[in-house]
Number of protein chains: 2
Amino acid sequence: MTFTYEYPRGALTVDCVVFGLDEEELKVMLIQRDLPPFEGQWALPGGFVQVEESLEDAARRELQEETGLDRVFLEQLYTFGNIDRDPRERVVSVAYYALVKLSNHRVHAATDARDAAWFGVHDTPSLAFDHAKIFSLALERLRNKLRYQPIGFELLPKKFTLSQLQHLYEIVLERPLDKRNFRKRVLGMGLLIETDEVEQDVAHRAARLYRFDERKYRRLVKAGFHFEL
Amino acid sequence: MTFTYEYPRGALTVDCVVFGLDEEELKVMLIQRDLPPFEGQWALPGGFVQVEESLEDAARRELQEETGLDRVFLEQLYTFGNIDRDPRERVVSVAYYALVKLSNHRVHAATDARDAAWFGVHDTPSLAFDHAKIFSLALERLRNKLRYQPIGFELLPKKFTLSQLQHLYEIVLERPLDKRNFRKRVLGMGLLIETDEVEQDVAHRAARLYRFDERKYRRLVKAGFHFEL
DNA sequence: TTACTTAGTGTTTTTAAGACACTAAGTAAA
DNA sequence: TTTACTTAGTGTCTTAAAAACACTAAGTAA
């Protein structure tokens with residue numbers, strides 16, 4: 001079966017920059033292409049948008065199919081539409097970035113992808129298409145967003161210590177932060193709930209666990225508040 | 001002549017939210033549709049992306065064709081891809097917003113558009129498609145951007161007084177600003193060049209004219225500076 | 001019991017933002 | 001030419017936020 005139009009139409013794809021947090025590093029998920037063009041090269045997970053699905057649905061579906069990731073934080077980044085960004089034909093790509101709790105998700109390479117793996121953001125191989133550009137924009141966006149919106153929690157387990165959270169900020173922003181000032185700010189925000197649990201199996205004093213008060217956050221955003229961390 | 005593909009393909013459009021500054025109000029440029037769907041209704045200027053032009057090129061071309069606007073500040077806003085946003089078929093639209101110096105550009109309605117006109121941003125008619133959503137996102141983006149990037153100059157003539165600039169900020173942000181604090185901040189930024197001219201034909205003390213130091217701005221941005229106004 | 005590691009906690013200093021009112025310069029009208 | 005009117009232009013004080021800074025507490029391991 002084929003589909004015919006009066007004027008030529010480019011193809012539409014989505015690409016996802018998936019960030020995860022390892023113990024010591026910010027990582028990005030890449031897949032190794034199993035088909036031409038750029039066969040064997042690493043690339044961002046993504047693929048064609050089907051005609052009866054929304055852009056975000058397409059992004060989630062591709063993530064699921066290619067990397068097994070599910071129910072992640074996902075936000076639109078930018079749309080890339082240079083005419084020769086794909087050697088085959090005109091392809092416009094809507095890029096998304098995603099944040100996942102690395103601990104939850106063991107990667108399994110899947111359809112379309114020879115392999116899927118996490119790379120340190122400073123240790124990425126050369127990427128297919130204009131994906132290096134997409135990736136660097138995503139990293140920049142993540143850093144900016146982290147400053148003024150509480151999205152860091154998306155990279156941590158549900159319950160986390162303040163040290164873990166600070167560590168996350170230090171890794172993403174790539175600079176050390178003062179412990180007392182950090183705790184002051186982050187608690188002063190009023191979006192963390194202190195649980196009655198502490199971390200387990202550590203060889204030193206155990207830290208209290210907190211969780212993010214997502215309900216309160218949603219309520220405040222709806223009411224027009226802006227958050228600056 | 002027709003074009004045939006193996007899978008169905010949606011259409012791709014660009015839509016532009018064009019802002020201009022009147023004496024007393026922030027305005028948006030709308031066109032009245034001359035063709036179905038939504039014939040006769042007001043809409044954002046925009047149209048189909050051709051297969052051999054980039055997204056930004058398409059936006060500039062449509063602006064030129066439909067409103068006669070040329071060489072404007074243009075930046076990508078967001079991509080809208082809900083499956084039923086166009087009653088005819090699947091259409092994904094990449095939205096841009098533009099800032100123009102209203103004084104320069106007299107509007108002339110043009111091809112595809114029955115009419116083109118400026119509307120106060122609080123006085124817009126009901127819009128075709130999901131254009132109301134696009135418009136309100138653009139307005140929000142403009143306000144946020146104005147806070148931390150010096151883009152306001154795009155709405156003013158090349159040479160302007162500090163009062164005009166303050167007035168612009170007050171109109172866009174919809175709140176009064178303190179004259180002395182405003183001048184302190186804006187001059188402290190170091191991106192304004194004092195000319196040796198003053199405004200003409202005013203019935204009171206004439207104010208000094210300034211211009212935006214675009215070179216310096218570009219240089220600093222390249223060097224990684226961030227600007228907060 | 002001692003050494004080691006990370007958790008947890010306030011105060012001071014510095015910097016940026018906000019509030020606030022008068023004089024200067026020009027035009028227009030009496 | 002004097003006077004009234006309008007907008008330009010200018011600094012200081014107050015307040016709030018950010019940054020700098022060091023010790024004690026609690027637990028584990030040797």
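Keep in mind that this is a model prediction, so the values were computed, not measured. Here is the naming used below: chain letters follow the sequence lines, and residue numbers restart at 1 for every chain.
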Inset, instruction - Starting from C1' on C:dG8, measure out to CD on A:E194 and report it in whole angstrom. - result: 11 Å
Legend entry - Distance, rounded to the nearest Å, where B:N181 contributes CG and C:dA21 contributes P: 13 Å
Inset, instruction - Measure the distance from CG on A:L173 to P on D:dA19 and round it to the nearest whole Å. - result: 12 Å
Legend entry - Atom pair distance, as rounded to whole Å: CE in B:M189 and P in C:dA17: 13 Å
Legend entry - OP1 or OP2 of D:dG9 under 4.0 Å from side-chain N/O of B:R183: yes
Inset, instruction - Describe, as an angle rounded to 10 degrees, how the axis at the first end of the helix from C:dT1-D:dA30 to C:dA30-D:dT1 is tilted relative to the axis at the last end, five pairs per end. - result: 0°
Legend entry - Any donor-acceptor N/O pair under 3.5 Å between C:dA25 base and B:R205 side chain: no
Inset, instruction - Verify the distance criterion only: is there a donor paired with an acceptor across the side chains of A:D15 and A:S93 at less than 3.5 Å? - result: yes
Inset, instruction - Mind calculating the distance between CD (A:Q166) and P (C:dG8) to the nearest angstrom? - result: 12 Å
Inset, instruction - Please determine, for the side chain of A:K179, which listed nucleotide (C:dT9, D:dT6, D:dA19) has the closest atom? - result: C:dT9
Inset, instruction - Say whether B:E75 and B:Y97, considering side chains only, have a donor N or O and an acceptor N or O under 3.5 Å apart. - result: yes
Inset, instruction - Output the single nucleotide from C:dT5, C:dG26, C:dC20 whose closest atom is nearest the side chain of B:D178. - result: C:dC20
Inset, instruction - Ignoring hydrogens and angles, answer whether the base of D:dA19 and the side-chain atoms of A:R180 contain a donor-acceptor pair closer than 3.5 Å. - result: no
Legend entry - Ring-ring centroid check B:F160 B:Y210, cutoff 6.0 Å: no
Legend entry - Value rounded to 0.5 Å, distance of CZ in A:R215 from CD1 in A:I193: 8.5 Å
Legend entry - Protein-nucleotide distance (A:Q200, atom CD; D:dG27, atom P), rounded to Å: 12 Å
Inset, instruction - Quick one: sort the B:F119 and B:W42 rings into parallel, tilted or perpendicular, breaks at 30° and 60°. - result: perpendicular
Inset, instruction - May I ask you to decide if the ring planes of A:F129 and A:H131 are parallel, tilted or perpendicular, using 30° and 60° as cut-offs? - result: tilted
Inset, instruction - Test for a donor-acceptor pair under 3.5 Å between the base of D:dT10 and the side chain of B:K184, counting only N and O atoms. - result: no
Legend entry - Residue whose nearest DNA chain D nucleotide is more 5′ - A:R175 or A:V202: A:R175
Inset, instruction - Please state how far atom CG in A:L187 lies from atom P in C:dG10, giving the value in whole angstrom units. - result: 12 Å
Legend entry - Closest nucleotide among C:dT27, D:dG11, D:dA8 to the B:A203 side chain: C:dT27
Inset, instruction - Please determine if a side-chain N or O atom of A:S163 lies less than 4.0 Å away from the OP1 or OP2 oxygen of C:dA7. - result: yes
Legend entry - side-chain contact (heavy atoms from CB on, under 4.5 Å) assessment of B:L142 paired with B:L26: CA-CA 11 Å; B:L142 173 61; B:L26 184 64; 3.9 Å; yes
Inset, instruction - Mind calculating the distance between OH (A:Y169) and P (D:dA18) to the nearest angstrom? - result: 14 Å
